[in-house]
Amino acid sequence: MPSVYLDNNATTPLLPEVFEAMRPYFFDWFGNASSLYERGQRARAAVEAARRTVADLLGASPAEIVFNSGGTEGDNQAIFGLISPGDHIITSAIEHHAVLSACKRLEALGAAVTYLPVDGRGQVNPKDVRAALRQSTRLISVMMANNETGVVQPLEEIGQIAAEADVWFHTDAVQVAGKLPIEVARIRCDLLTISGHKLNGPQGIGAIYVRRGTPMQPLILGGAQEHNKRAGTENLPGIVGLGKAAEIASNWLANGGTDRMAELRDSFERAVHEQLECIQVLGLGSPRTPNTSEISFEGISGASLTVALDGRGISVSTGSACASSFGHPPYVLMAMGLKRSQAQAAVRFSLGKQTTKEDIDYVLGCLSDEVVRLRGMSPVWNTKNRLSESTQC
Ligand code: PLP
């Protein structure tokens, strides 16, 4: 049976070139980057080389890159590193839990938080950001693209508002880095989070861009690593891997990777539309990351379809990996105004750089079989069809 992995928003496969770049730093050159002898200096040079390629991916300067353990830490760092009780934060209702849970904790500690709504296409309205500003607002944190729908937020407008109001601006770019070009200067953000394992790098490594002069307090205290912004011995192989993944991603972006990926995703969505009635592509009409397609299949449960496709060797997910494993309601889709039944009928297909047309053709064949089979067993779908001659979606 073929095996097709379409859950690249949950995590991506490590590229062999990335693994090969990391290998010497597990064995021959395993030094501590703070040591003065050669092994340590080799490690230091490797960390600094990786810092340059990550900076290049974001249009930042190397001194503005701080390595950490990934997206969750970066989001927590940005929020806890700037906010004190009494401060006000503006964020959106569709952020990753790494942002939402940090905001909830700060609320309990006496900060105020505004959770902005999104429209039916999954976008925050910059006017709402402006209207939410208060005297006490210190931080705006709005993600660059959502992990479930791939919808890209109007960050340049939000960055402009933040700059005019003299408020710090953080964006979670975990789902964008390596898929769409990023220029921190265009967005005018002060902080930006990325994660290695979402761009074919290793798990457990990430980075936060901290614009020069941003008074971010460290989250983890100890040694003076990362210019006193993130204590702890550097994850040397991880950093080297993230650096290599960033370099490969920069080349992929420069060589038209985004358009090729979007074309494959769009051809998938067109074919699903042709094969099946009563489906809804979520976030359609908004700019989206090129790899993400979240589709609601009326009359069935997304979880059942996910299990059925798994039985055919296809990995997809219902919303975010974290949310589905903890049984949370699909809050991102509910925030977009979907009914609970529509939200629970959604499945996310997220393509990777390794995804081929043959993979997509295989998925399309299995998908229409399984949706038709599950609808055949669905009381909701069958009742509706008994009530009306032709199906009205
Ligand atoms: N932010 C977004 C938008 C994500 O999709 C994820 C992971 O799914 C994270 C943050 C957390 O990143 P990590 O898994 O590196 O902690």
Side-chain angles (χ1 to χ4, degrees), residues 5-19 21-22 50 53-58 60 65-78 94-99 143-153 155 170-182 184 189 191-209 235 237-253 257-258 261-262 265 288-294 315-317 319-325 332 348-355:
Y5 182 73
L6 287 190
D7 200 15
N8 290 274
N9 283 11
T11 195
T12 55
L14 189 78
L15 291 174
E17 306 92 292
V18 172
F19 180 66
M22 294 167 70
T53 58
V54 171
D56 286 348
L57 181 68
L58 306 177
I65 302 299
V66 177
F67 291 115
N68 59 23
S69 69
T72 299
E73 184 182 326
D75 287 345
N76 274 265
Q77 167 67 82
I94 58 158
E95 298 297 309
H96 190 271
H97 280 292
V99 166
M143 68 199 324
M144 194 173 283
N146 183 261
N147 38 300
E148 296 189 29
T149 59
V151 170
V152 176
Q153 300 301 325
L155 283 204
H170 165 247
T171 187
D172 172 339
V174 165
Q175 292 294 345
V176 177
K179 294 176 196 160
L180 292 169
I182 297 178
V184 286
C189 59
L191 300 148
L192 179 145
T193 303
I194 68 165
S195 171
H197 73 106
K198 308 287 184 175
L199 63 146
N200 303 100
Q203 297 179 344
I205 186 75
I208 182 165
Y209 156 80
N235 171 357
I239 290 172
V240 169
L242 174 56
K244 187 69 186 174
E247 179 194 316
I248 294 170
S250 290
N251 291 335
W252 183 87
L253 289 166
T258 304
M261 190 179 244
R265 186 271 315 271
R288 286 182 294 158
T289 46
N291 76 319
T292 306
S293 181
E294 179 146 63
S315 308
V316 295
S317 90
S320 77
C322 329
S324 46
S325 54
V332 171
R348 180 185 70 189
F349 303 84
S350 50
L351 283 59
K353 290 169 186 162
Q354 74 287 355
T355 309

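As the structure is a prediction and not an experimental result, all values here were calculated from the model.
For Thr171, there are no side chain to side chain donor-acceptor pair (under 3.5 Å) partners two or more places apart in sequence or in a different chain. When the side-chain contact (heavy atoms from CB on, under 4.5 Å) test is applied to Gln77, the partners found at least two apart in sequence or on another chain are Ile208, Met216, Leu219. By the side chain to side chain donor-acceptor pair (under 3.5 Å) test, Thr11 pairs with His197, Gln203, sequence neighbours left out. Listed by chain and residue number, Asn8, Asn200 satisfy the side-chain contact (heavy atoms from CB on, under 4.5 Å) test with Thr12 (two or more places apart in sequence, or in another chain). For Phe67, there are no ring-ring contact (aromatic ring centres under 6.0 Å, His included) partners at least two apart in sequence or on another chain. For Leu253, the side-chain contact (heavy atoms from CB on, under 4.5 Å) partners are Leu57, Pro181, Thr258, not counting sequence neighbours. By the side chain to side chain donor-acceptor pair (under 3.5 Å) test, Ser293 pairs with Glu269, sequence neighbours left out. Not counting sequence neighbours, Asn68 has no partner by the side chain to side chain donor-acceptor pair (under 3.5 Å) test. Among residues two or more places apart in sequence or in another chain, the side-chain contact (heavy atoms from CB on, under 4.5 Å) test is passed with Asn235 by Ile205, Pro237.
Using a 4.5 Å heavy-atom threshold, the side chains of Val54 and Ile194 count as touching.
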Candidate pair His96 and Val174, rule side-chain contact (heavy atoms from CB on, under 4.5 Å), full reasoning: CA-CA 10 Å; His96 190 271; Val174 165; over 6 Å; no
Test log, rule side-chain contact (heavy atoms from CB on, under 4.5 Å), inputs Met143 and Val99: CA-CA 9 Å; Met143 68 199 324; Val99 166; over 6 Å; no
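Taking CZ from Arg265 and OG1 from Thr292, the interatomic distance works out to 7.0 Å, rounded to the nearest 0.5 Å. Taking CD1 of Ile94 as the start and CD of Gln153 as the end, the distance is 4.5 Å to the nearest 0.5 Å. Once rounded to the nearest 0.5 Å, the distance linking CG of Asp172 with SG of Cys189 reads 11.5 Å. In this structure, the separation between NZ on Lys179 and CH2 on Trp252 is 9.0 Å, given to the nearest 0.5 Å. In this structure, CZ on Arg348 lies 6.5 Å from CD on Glu148, to the nearest 0.5 angstrom.
Nearest heavy-atom pair, Gly352 versus Met261, reported as atom, atom and distance to 0.1 Å: C-CE, 3.4 Å. For the pair Ile182 and Ala173, the tightest heavy-atom approach, listed with the atom from each and the gap, is CD1-CB, 4.0 Å. The two residues Gly178 and Lys353 come nearest to each other via the heavy atoms O-NZ, 3.0 Å. Ala98 approaches Asn76 most closely through the heavy-atom pair O-ND2, 3.6 Å. Here the shortest heavy-atom pairing between Gly241 and Pro202 reads C-CD, 3.8 Å. Looking at every heavy atom in both residues, Ala145 comes nearest to Gly150 through CB-O, 3.9 Å.
When atom types are taken as modelled, the side chain of Thr53 and the backbone of Gly243 share a donor-acceptor pair closer than 3.5 angstrom.
The only option from Asn291, Thr149, Thr289 that meets the side chain to side chain donor-acceptor pair (under 3.5 Å) definition with Asn9 turns out to be Asn291.
Side-chain N/O atoms of Asp7 and Ser315 include no donor and acceptor closer than 3.5 Å.
Residue pairs meeting the salt bridge (charged side-chain N to carboxylate O under 4.0 Å, His left out) criterion with at least one member in residues 240-252, sequence neighbours excluded: Lys244-Glu247.
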